Protein chains: 2
Amino acid sequence: MSAQPTIIIVDDDPGIRESLEGLLRSVGLQVKTLASVPEFVKEGRPEGPACLVLDVRLPGQSGLDFQRELAAANIQVPIIFITGYGDIPMSVRAMKGGAVEFLTKPFREQDLLDAIQLGLARDRAWLENEKAIAELRARFETLTPREREVMALVVTGRLNKQIAYDIRISEITVKVHRGQVMRKMKAASLPDLARMADKLNFTAEKHQTC
Amino acid sequence: MSAQPTIIIVDDDPGIRESLEGLLRSVGLQVKTLASVPEFVKEGRPEGPACLVLDVRLPGQSGLDFQRELAAANIQVPIIFITGYGDIPMSVRAMKGGAVEFLTKPFREQDLLDAIQLGLARDRAWLENEKAIAELRARFETLTPREREVMALVVTGRLNKQIAYDIRISEITVKVHRGQVMRKMKAASLPDLARMADKLNFTAEKHQTC
DNA sequence: ATTCTGTTTAAACCAAAGTATAATCGCTAG
DNA sequence: CTAGCGATTATACTTTGGTTTAAACAGAAT
């Protein structure tokens, strides 16, 4: 169903990279090793499900800073931290930032593999959700400005005549727009459309006027 | 608006209890100190917003075990861990379990106060949400079995005639039940009802047959 | 035995939603 | 200039949704 998962190892120590890579490949995982963070940033995250295995201490930027940077750039990818010289505040910060796991060397191989499975599972779920939202957004893009306005009001439960009054057009025009909205959004029913709107976070924006 | 927040300190060392209590009281927080976990379990969580300040090592049961126990018992309350002798796996486990913060002694007072504010904010949001759901559940309780069935089908977007066919009653009967559902649930519109159903996790159960 | 609740249905409407056809108008891209 | 899009509206229906009134019936509770 979903594409081949990719594990990305970022560590400046070639020995560790190779050792981790060997372990992961031995269980059939597709691995990509990088020596530094910029290499990851350059390519962006892989298409399929992925998981980052990151050393906390990295040349230039620390793994924790990198985690923040990804979050700020709105790039979602599960991170597993590995460190030889970590402390509690470091691990707490990593976990607060949404890390899947924070392992201290030496760690049991099984712990890493478990964490990776968990990370991949999360990423699959996230990707699936993103895909669904992207599809909805694509449909929403095809709506004309007026149709978006009408949709925003429809999903709040307003009646056609009320919507007509709200935006000062005739009720019949509302019906036309509303019908178009249902068709373009491929909504099977009103509750369906309402749920789509919720997924598109209509709660916060209502309908941007830009 | 919301009730007075309560901070619950659980620590077996009376000196630490008093010192923490003093600090928190000095910033105007209502504090309750306990020497052990069973004392908390006995009373259950306070009415208003609350936050637990918990030593990881406690007589009998560790703070982490207690955290798990609360989660298992479905008792929600933000936890801030404090420890003098912690390690990384311990902190990681605590954070995975949803802890707000994990502080190592000695810590800056401001860090604890910040964590407490964050914990209280989370708890307020949680309480508010719980209250809303409880209200919905109360309304749902007033529905008769038939009304619940009809509601379940209505919020999926089925038409009255389809529902009638589904449960083999006449369309007019469906209308009667549907009207009752809208009134009893205090739903202002169909999208409104659909959202209520979603909040009541109709996705998972649809409608239990028990 | 009687009351009450839940369930069912019919008749008779009224309101709301949705569809199809057709036409007008302003604006923009060829 | 003209074709096309977005927006608007009207007419004319059909289909759904929703309410009221009234009635019937079964089963549980008093």
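Please read all numbers here as calculations on a predicted model, not as lab measurements. Order of the sequence lines fixes the chain letters, A, B, ..., with proteins taken first and strands second; residue numbering starts at 1 for each chain.
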Undergrad: Find the distance between CG (B/L20) and CD1 (B/I7) and round it off to the nearest 0.5 Å.
TA: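 So the CG of B/L20 and the CD1 of B/I7 are separated by 11.0 Å.
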Undergrad: Tell me: CG of A/L143 to C1' of D/dC5, nearest whole Å?
TA: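 After rounding, the reported distance stands at 15 Å.
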Undergrad: Just how far, in rounded Å, is C1' of D/dT9 from CZ of A/R146?
TA: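 Distance, rounded to whole Å: 13 Å.
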Undergrad: Starting at atom CD of B/E147, determine the distance to atom C1' of C/dT8, rounded to an integer number of angstrom.
TA: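 The distance from CD of B/E147 to C1' of C/dT8 comes to 13 Å, rounded to the nearest Å.
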Undergrad: Only one of B/D65, B/V10, B/L34 forms a side chain to side chain contact (heavy atoms under 4.5 Å, CB included) with B/L58, so which one is it?
TA: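 Output: one option passes, namely B/V10.
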Undergrad: For the pair made of NZ in B/K184 and C1' in C/dT7, what is the distance, rounded to whole Å?
TA: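 Distance check: B/K184 NZ to C/dT7 C1' gives 12 Å.
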Undergrad: Using a strict threshold of under 4.0 Å (side-chain N to carboxylate O), is an ion pair present between A/R124 and A/E128?
TA: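 Salt bridge absent between A/E128 and A/R124.
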Undergrad: Tell me, please, whether A/F66 has A/R68 positioned over its six-membered ring: NZ or CZ under 6.0 Å from the ring centre and within 45 degrees of its axis?
TA: no
Undergrad: Expressed in angstrom and rounded to an integer, what is the separation of A/Q162 atom CD from C/dA15 atom P?
TA: 15 Å
Undergrad: Expressed in angstrom and rounded to an integer, what is the separation of A/R158 atom CZ from C/dA17 atom C1'?
TA: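 From A/R158 CZ to C/dA17 C1': 16 Å.
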Undergrad: With the sugar-phosphate defined as primed atoms, P, OP1 and OP2, and the base as all remaining atoms, what B/S/- string results for nucleotides 24-30 of chain D, 5' to 3', for protein heavy atoms under 4.0 Å?
TA: -------
Undergrad: May I ask you to evaluate whether B/H177 reaches the phosphate of C/dG6, defined as a side-chain N or O under 4.0 Å from OP1 or OP2?
TA: no
Undergrad: Salt bridge or not for B/R25 and B/E21, using N-O below 4.0 Å?
TA: yes
Undergrad: Nearest whole angstrom, please: distance from the C1' of C/dT7 to the CD of B/Q180.
TA: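 Roughly 12 Å, once rounded to whole Å.
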Undergrad: Does anything in residues 163-171 of chain A reach DNA chain D, meaning a heavy atom under 4.0 Å, and if so which residues?
TA: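 The answer is A/I169, A/S170.
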Undergrad: In Å and rounded to the nearest 0.5 Å, what is the CG to NZ distance from B/L136 to B/K186?
TA: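 Nearest 0.5 Å value for the CG-NZ distance: 11.0 Å.
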Undergrad: For a quick test of reading the model: is some side-chain N or O of B/T144 closer than 4.0 Å to OP1 or OP2 of C/dT5?
TA: no
Undergrad: Would you mind telling me which of C/dG6, C/dA16, D/dG6 lies closest to the side-chain atoms of A/K161?
TA: C/dA16
Undergrad: When you check the side-chain N and O atoms of A/D166 and A/Q162, is any donor under 3.5 Å from an acceptor?
TA: no
Undergrad: Which one of A/R139, A/R146, A/E147 satisfies the side chain to side chain contact (heavy atoms under 4.5 Å, CB included) criterion with A/L143?
TA: A/E147
Undergrad: Decide whether B/Q61 and B/E69 meet the rule of one side-chain donor and one side-chain acceptor closer than 3.5 Å.
TA: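 Yes, side-chain donor-acceptor contact under 3.5 Å.
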Undergrad: Nucleotide by nucleotide, 5' to 3', does protein get under 4.0 Å of the base (B), only the sugar-phosphate (S), or neither (-) in nucleotides 18-30 of chain C, counting heavy atoms?
TA: BBB----------
Undergrad: Would you confirm whether A/R148, through its side chain, and A/E141, through its main-chain N or O, come within 3.5 Å as a donor-acceptor pair?
TA: yes
Undergrad: Check whether any side-chain heavy atom of B/V27 lies under 4.5 Å from a side-chain heavy atom of B/I116, and answer yes or no.
TA: no
